[in-house]
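Below is one structure, written out as structure tokens; comments come after it.
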Amino acid sequence: MRIATWNVNSVNARLETVLAWVDQAQPEVLCLQEIKCVDEKFPSEPFESRGYNIEVHGQKSYNGVALLSKFPITDVRRGLPGDDTDEQARYLEGLIEAETPVRVAAIYLPNGNPVGTEKFLYKLRWFQRLHNHASELLRLEERLALCGDYNVIPEPVDAKNAAAWKDDALFQPESRAAFRGLISLGLYDSHELGGEPDGTYTFWDYQAGAWQRDHGIRIDFALLSPQAADAFSGIETWRDARDMDKPSDHVPVVVTLTP
DNA sequence: ATGGTAGACCTTCTA
């Protein structure tokens, strides 16, 4: 089973681009981030006609995540536990009823810029909630894939020019420590399982010719439970998607698990 | 030192 994750930067503005890629890659499961619309505005029809079941956790203008699957989706959780007052739509989880079920979460971590503001504190609090929830999920001992835009550059090697990010929320010691802490619960980074080479980035800013100069960063990850890691058979980072017409600033990452 | 781009949408915020 192929599980894709992609921050699309508005599913409606990006619809043709997203569908063109879906028709090419045909993942069985697709996690979308930054759909930037409420549930009712999600363009369900073209995905349903391609055989996807759809779950959406949307929000007006900002954020928003979706989970699409050619297998039935059950046990759906909208929103990350731990703060009932949090109104930002950044987490959607469901059980993919494949031959061997896989629990999949679509995650859009807060950006957190600028550092030193409430936004950065919100990012760290959100990370702590994700840590707590992931810890609970791991106790289930299921196949689990936590997929999405983590908005963290874990290591200098994950940026073309790490020095350029030293004041950015994505590269702060606290952000990087939170990511390491999550991994240390016993998750496996599919990028490392697949042995992808350095320079395999997933995001290039629209500004300042970042793509043309390959000033990229790796911030999109699929973190796997031990049971999912045992079934891991490959990872593809679709760099070419950054060169499509009307590209997202992120590219899709696809993880393959054996049946 | 600054600006550069993209999207939602009403005017500025987010990234």
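Below, each value reflects all heavy atoms present in this structure, side chains not excepted, and no hydrogens, waters or symmetry copies. Values in this document were obtained by computation on a predicted structure and should not be read as measured data. Per chain, numbering begins at 1; letters A, B, ... match sequence-line order.
Taking the six-membered ring where tryptophan is involved, the planes of A:F221 and A:F179 are tilted, since the angle between them lies from 30° to 60°.
We find that CG of A:N12 is positioned 7 Å from P of B:dA8, with the value rounded to whole Å. Between A:W211 atom CH2 and B:dA6 atom P there is a gap of 15 Å when expressed in whole angstrom units. In this structure, the CD atom of A:Q207 is 8 Å from the C1' atom of B:dA6, given to the nearest Å. Whole-Å rounding puts the A:H250 NE2 to B:dA6 P distance at 15 Å. In this structure, the OH atom of A:Y150 is 19 Å from the C1' atom of B:dA15, given to the nearest Å. At whole-Å resolution of the value, CD in A:Q59 and C1' in B:dC13 are 12 Å apart. Rounded to whole Å, the distance from CG on A:D249 to C1' on B:dG4 is 14 Å. The distance between atom CD of A:Q33 and atom P of B:dA15, rounded to the nearest whole Å, is 14 Å.
Checking B:dT5, B:dT14, B:dA15 against every side-chain atom of A:K119, the shortest atom distance belongs to B:dT14. With B:dA8, B:dA15, B:dC13 as the choices, the nucleotide that has an atom nearest any side-chain atom of A:S61 turns out to be B:dA8. Checking B:dA6, B:dA8, B:dA15 against the side-chain heavy atoms of A:R14 singles out B:dA6 as nearest.
The side-chain hydrogen bond (donor to acceptor under 3.5 Å, both in side chains) check on A:E155 picks up A:R176, with sequence neighbours excluded.
One C1' atom belongs to B:dT12, the other to B:dA1, and the distance between them is 24 Å to the nearest Å. Taking atom C1' on both nucleotides, B:dT14 is separated from B:dC10 by 16 Å, rounded to a whole Å. For the C1' atoms, the distance from B:dA15 to B:dG3 is 16 Å, rounded to whole Å.
Checking A:D205 against A:Y62, the closest nucleotide of DNA chain B that is more toward the 5' end is the one next to A:D205. Projected onto DNA chain B by closest heavy-atom contact, A:N63 and A:P247 fall at different nucleotides, the more 5' of which corresponds to A:P247.
For the OP1/OP2 pair of B:dA15 and a distance below 4.0 Å, the side-chain nitrogens and oxygens of A:R90 include at least one atom meeting the criterion. At the phosphate of B:dG7, OP1 or OP2 sits under 4.0 Å from a side-chain N or O atom of A:K246.
Look at A:E28 and A:K70 and you find no salt bridge, because none of the NZ, NE, NH1 or NH2 atoms lies under 4.0 Å from a carboxylate O. In summary, A:R78 and A:E55 engage in a salt bridge, as defined by a charged side-chain N under 4.0 Å from a carboxylate O.
At the heavy-atom level, A:F203 lies nowhere under 4.0 Å from the strands shown.
A:W204 and A:D249 share no donor-acceptor pair across their side chains, judged by distance under 3.5 Å alone.
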